[in-house]
Amino acid sequence: MSLKVHVWSDVACPWCYIGKRRLEAAVEKFGDQVEVEWHSFELDPKRGPRPRVGHAEMLAKKYGVPEARAQSMIDNVTRVAAQDGLDFQLEKSVPASTFDAHRLIQLARARGKQPELEERLFRAYFTEGVDVASASELTRLGADAGLDVDEIAAVLASDDFSDEVQQDKDAARELGITGVPFFVIGRYGVSGAQPAEQLLQVLDRANAEQLVEPEFAEGAACGPDGC
C-alpha cells in the first residue's frame with residue numbers, strides 16, 4: 001500500500017515550488033511507493049489583471065516595505081531555489097489570478113496528470129514569465145502536461161472544477177492552514193518548505209506509526225501577508 005501525501009500549494013508561491021523539489025528528493029530516498037495529491041490554495045484570490053511592473057516594485061507595494069527590502073527577499077528565495085536545482089527568473093513573473101490554473105490542476109487530478117501539470121505551471125510562472133491566467137497559455141501548458149486540448153478548452157470556457165477548488169480551500173481552512181506549502185503526510189502536518197531530510201523523517205514515521213493527533217512542524221511558507 002502506498003503512503004498518501006496531500007499538498008496544499010499555489011502556482012504563484014515560490015516556497016511551494018521549492019517545497020515540491022524537496023518533497024521529491026525525500027520521496028526518492030524514502031524508497032517505498034508514495035502517492036502525492038495536490039490541493040488548491042489561492043494566496044491572493046482577489047488578484048486581477050495589474051500593470052506589468054518590476055517584481056521588486058510589486059512586492060514592495062504589496063507588503064509595504066522599501067523596494068530594497070523587497071529585492072533582498074527576491075535575492076534570498078532565488079538563492080535558496082538554486083540550491084534545490086531551480087532557476088528562478090522572478091523579474092519575468094506576471095502577477096495574475098491563479099484560479100483557472102487551479103481548475104486545470106483539478107482536471108489533471110481527474111486525469112492522472114497532476115505531477116506533470118504542477119511542474120509545468122511552476123516552471124512557466126517562475127522561470128519563463130508566463131501569464132498563468134491566460135486561457136491560451138493554460139491550454140498550451142496543459143497540453144505540455146499531457147491533457148487533452150479540447151477538454152482543457154471546455155473546462156476553461158465553463159465553471160467546471162470551481163467547486164473542487166473551493167472544497168480544497170474549505171478543507172485548508174478546517175485544517176487551520178494559513179500558509180503554503182502545507183503537507184499532510186499520514187497523520188502529520190508539515191508547514192512550509194522543510195528540508196528534504198525533515199520530510200523524509202516524517203515519511204518514515206508516518207509509514208510506521210498510527211498517530212491519534214496531527215503533529216506540526218514550521219518552515220518557510222507564503223501566506224496572504226507575505227512570504
Inset, instruction - Would you please test V180 and V7 for side chain to side chain contact (heavy atoms under 4.5 Å, CB included) and show each step? - result: CA-CA 9 Å; V180 287; V7 187; over 6 Å; no

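- Salt-bridge check for E128 with K92: failed, with every basic side-chain N at 4.0 Å or more from each acidic carboxylate O.
- In this structure a side-chain-to-backbone donor-acceptor pair under 3.5 Å is present from S162 to D159.
- The CG atom of L104 lies 9.5 Å from the CD atom of E151; values are rounded to the nearest 0.5 Å.
- The nearest pair of heavy atoms linking A135 to L156 is O-CD1, 3.7 Å.
- Looking only at atom types and distance, the side chain of Q167 has no donor-acceptor partner in the side chain of D163 under 3.5 Å away.
- Taking a cutoff of 4.0 Å between a charged side-chain nitrogen and a carboxylate oxygen, K113 and E119 do not qualify as a salt bridge.
- Of the residues listed (Q106, R109, H102), the one engaging H39 in a side-chain hydrogen bond (donor to acceptor under 3.5 Å, both in side chains) is R109, and it is the only one.
- Distance check: F41 CZ to D10 CG gives 8.0 Å after rounding to the nearest 0.5 Å.
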Inset, instruction - Please test L3 against E35 for side chain to side chain contact (heavy atoms under 4.5 Å, CB included), starting from the C-alpha separation and ending with a verdict. - result: CA-CA 6 Å; L3 180 63; E35 179 185 355; over 6 Å; no

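- Put simply, Y125 and F99 are part of two different groups of oily side chains (I, L, V, M, F, W, Y) that touch within less than 4.5 Å, one to the next.
- Follow the hydrophobic side-chain contacts under 4.5 Å out from V165 and you never reach F182; the two are in separate clusters.
- Tracing side-chain contacts under 4.5 Å through hydrophobic residues (I, L, V, M, F, W, Y), one reaches V80 starting from L59; they form part of the same cluster.
- Closest of all the heavy-atom pairs between A96 and A133 is CB-CB, 3.7 Å.
- Atom NE2 of H6 is separated from atom CD1 of I177 by 11.0 Å, given to the nearest 0.5 angstrom.
- The shortest non-hydrogen separation linking D168 to W8 is O-NE1, 3.0 Å.
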Inset, instruction - Could you please spell out the steps behind the side chain to side chain contact (heavy atoms under 4.5 Å, CB included) verdict for L86 and R21? - result: CA-CA 8 Å; L86 299 174; R21 275 294 181 276; 3.5 Å; yes

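- What you find for L117 and A108 is that their closest heavy atoms are CD2-CB, 3.7 Å.
- The closest donor-acceptor contact from the side chain of S134 to the backbone of E137 lies under 3.5 Å.
- Ring geometry, F88 versus Y17: the interplanar angle falls under 30°, so the pair is classed parallel (tilted spans 30 to 60°).
- A heavy-atom distance below 4.5 Å is found between the side chains of Q89 and D87.
- Checked options V5, L203, L199, V202; the residue passing with Y188 is V202 (criterion: side chain to side chain contact (heavy atoms under 4.5 Å, CB included)).
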Inset, instruction - Show your reasoning for whether side chain to side chain contact (heavy atoms under 4.5 Å, CB included) applies to L90 and F126. - result: CA-CA 6 Å; L90 293 175; F126 287 106; 3.4 Å; yes

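- In this structure, D144 CG and T139 OG1 are separated by 11.0 Å, a value rounded to the nearest 0.5 Å.
- One finds no salt bridge joining K20 and E118 here, because no Lys/Arg side-chain nitrogen approaches an Asp/Glu carboxylate oxygen to under 4.0 Å.
- The two atoms that bring S9 and C16 nearest to each other are CB-SG, 3.5 Å, heavy atoms only.
- Under the 4.0 Å criterion applied to side-chain N and carboxylate O atoms, D160 and R103 are not assigned as salt-bridge partners.
- Ionic pairing of E67 and K61 is not present here: no N-O contact between side-chain nitrogen and carboxylate oxygen is shorter than 4.0 angstrom.
- Between V36 and Q114 the shortest heavy-atom distance is O-OE1, 4.4 Å.
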